[in-house]
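All heavy atoms count here, side chains included; hydrogens, waters and symmetry mates do not.
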Amino acid sequence: MNRTYLRSLVGKAALVSSSLMVFAMGAPEVVDSYALAQRGPVQRVVQGKVTDQSNAGLKGSVVYLKDGHTLSVKSFIADDQGEYRFGQLAQNTDYEIWAEHNGKKSSVKTISSFDSKNQFYINLKIEK
């Protein structure tokens, strides 16, 4: 065998063995980014309860969620216990949330895009 061929063969064997070692040990940054790509972006959720001054749930309250980026407003009618839920909120957007019932309004709460949480529990109180 000539030397050039032998060097080439040894170089290829070293490359294959190092590739196999990385594969056997796992490359976390490759696996994690692949797993993240499969799951897609993380969505945020806000939920809570609309209550009166005695903490009783206010059935039929309308909860408003204002997107700080598009200024669009979504609404949700609270269930029999006064509970509401908004899902699929963007990570990089600020939101304002408030409730109304029989002409009365709760204070406005803010969800910041700088808050790293993905799950928010916000109770909204309407004084009568």
Side-chain angles (χ1 to χ4, degrees):
M1 281 193 188
N2 85 28
R3 284 189 167 157
T4 306
Y5 178 73
L6 189 56
R7 280 189 203 146
S8 174
L9 191 57
V10 168
K12 288 178 183 174
L15 179 63
V16 168
S17 67
S18 66
S19 297
L20 288 174
M21 182 182 287
V22 168
F23 181 74
M25 292 173 56
E29 62 279 355
V30 173
V31 172
D32 289 346
S33 63
Y34 178 75
L36 283 175
Q38 293 299 315
R39 282 186 264 153
V42 176
Q43 299 290 317
R44 299 171 117 183
V45 174
V46 61
Q47 62 189 50
K49 188 171 186 175
V50 182
T51 61
D52 61 14
Q53 64 272 12
S54 64
N55 289 328
L58 287 175
K59 174 184 176 180
S61 298
V62 180
V63 182
Y64 297 96
L65 182 73
K66 182 178 179 182
D67 183 313
H69 181 68
T70 64
L71 304 180
S72 65
V73 178
K74 294 179 183 179
S75 61
F76 188 99
I77 298 174
D79 66 13
D80 291 346
Q81 290 75 41
E83 296 177 349
Y84 72 90
R85 183 180 191 279
F86 293 97
Q88 299 181 343
L89 306 181
Q91 288 281 110
N92 59 348
T93 302
D94 296 333
Y95 294 93
E96 291 181 349
I97 189 166
W98 71 93
E100 294 181 10
H101 187 272
N102 291 337
K104 303 283 185 175
K105 182 178 172 182
S106 73
S107 61
V108 176
K109 308 283 182 161
T110 302
I111 300 170
S112 173
S113 58
F114 294 109
D115 194 327
S116 61
K117 293 188 299 188
N118 292 321
Q119 187 80 23
F120 294 88
Y121 295 96
I122 299 176
N123 292 329
L124 302 165
K125 185 172 285 211
I126 297 178
E127 303 289 335
K128 292 207 171 198

Review point. Who passes side-chain contact (heavy atoms from CB on, under 4.5 Å) against Ser54, sequence neighbours left out?
Key: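 Listed in chain order: Asp52, Ala56.
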Review point. For Gln91 and Asn118, which heavy atoms make the closest approach, and how far apart are they?
Key: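 Nearest pair, atom of Gln91 first, then Asn118: OE1-OD1, 2.6 Å.
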Spatial distance of atom [atom1] ([X]) from atom [atom2] ([Y]) [nearest 0.5 Å]:
X: Tyr84; Y: Leu124; atom1: OH; atom2: CG; answer: 4.5 Å
X: Arg44; Y: Lys117; atom1: CZ; atom2: NZ; answer: 9.0 Å
X: Lys105; Y: Trp98; atom1: NZ; atom2: CH2; answer: 6.0 Å
X: Asp115; Y: Phe120; atom1: CG; atom2: CZ; answer: 4.0 Å
X: Lys109; Y: Leu65; atom1: NZ; atom2: CG; answer: 14.5 Å

Donor-acceptor contact below 3.5 Å, side chain [X] vs main chain [Y]:
X: Asn123; Y: Lys49; result: yes
X: Arg85; Y: Val45; result: no
X: Ser61; Y: Leu58; result: yes
X: Thr110; Y: Ser112; result: no

Review point. In the single-linkage hydrophobic clustering (I, L, V, M, F, W, Y; side-chain heavy atoms under 4.5 Å), do Val46 and Tyr64 co-cluster?
Key: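 No, it is not one cluster - the side chains of Val46 and Tyr64 are not joined through contacts under 4.5 Å.
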Review point. Is there a donor in the side chain of Ser113 and an acceptor in the side chain of Asp94, or the other way round, less than 3.5 Å apart?
Key: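 Yes, side-chain donor-acceptor contact under 3.5 Å.
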When the side chains of residues 66-76 are checked against the rest of the protein, which donor-acceptor pairs come out under 3.5 Å, sequence neighbours left out?
{"residue": "Asp67", "atom": "OD1", "partner": "His69", "partner atom": "N", "Å": "2.6"}
{"residue": "Asp67", "atom": "OD1", "partner": "Thr70", "partner atom": "N", "Å": "2.9"}
{"residue": "Thr70", "atom": "OG1", "partner": "Ser72", "partner atom": "N", "Å": "3.2"}
{"residue": "Thr70", "atom": "OG1", "partner": "Ser72", "partner atom": "OG", "Å": "2.9"}

Check your understanding: Taking only residues two or more places apart in sequence, or in another chain, which ones meet Asn55 in a side-chain hydrogen bond (donor to acceptor under 3.5 Å, both in side chains)?
Key ->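 So Asn55 forms a side-chain hydrogen bond (donor to acceptor under 3.5 Å, both in side chains) with Lys125.
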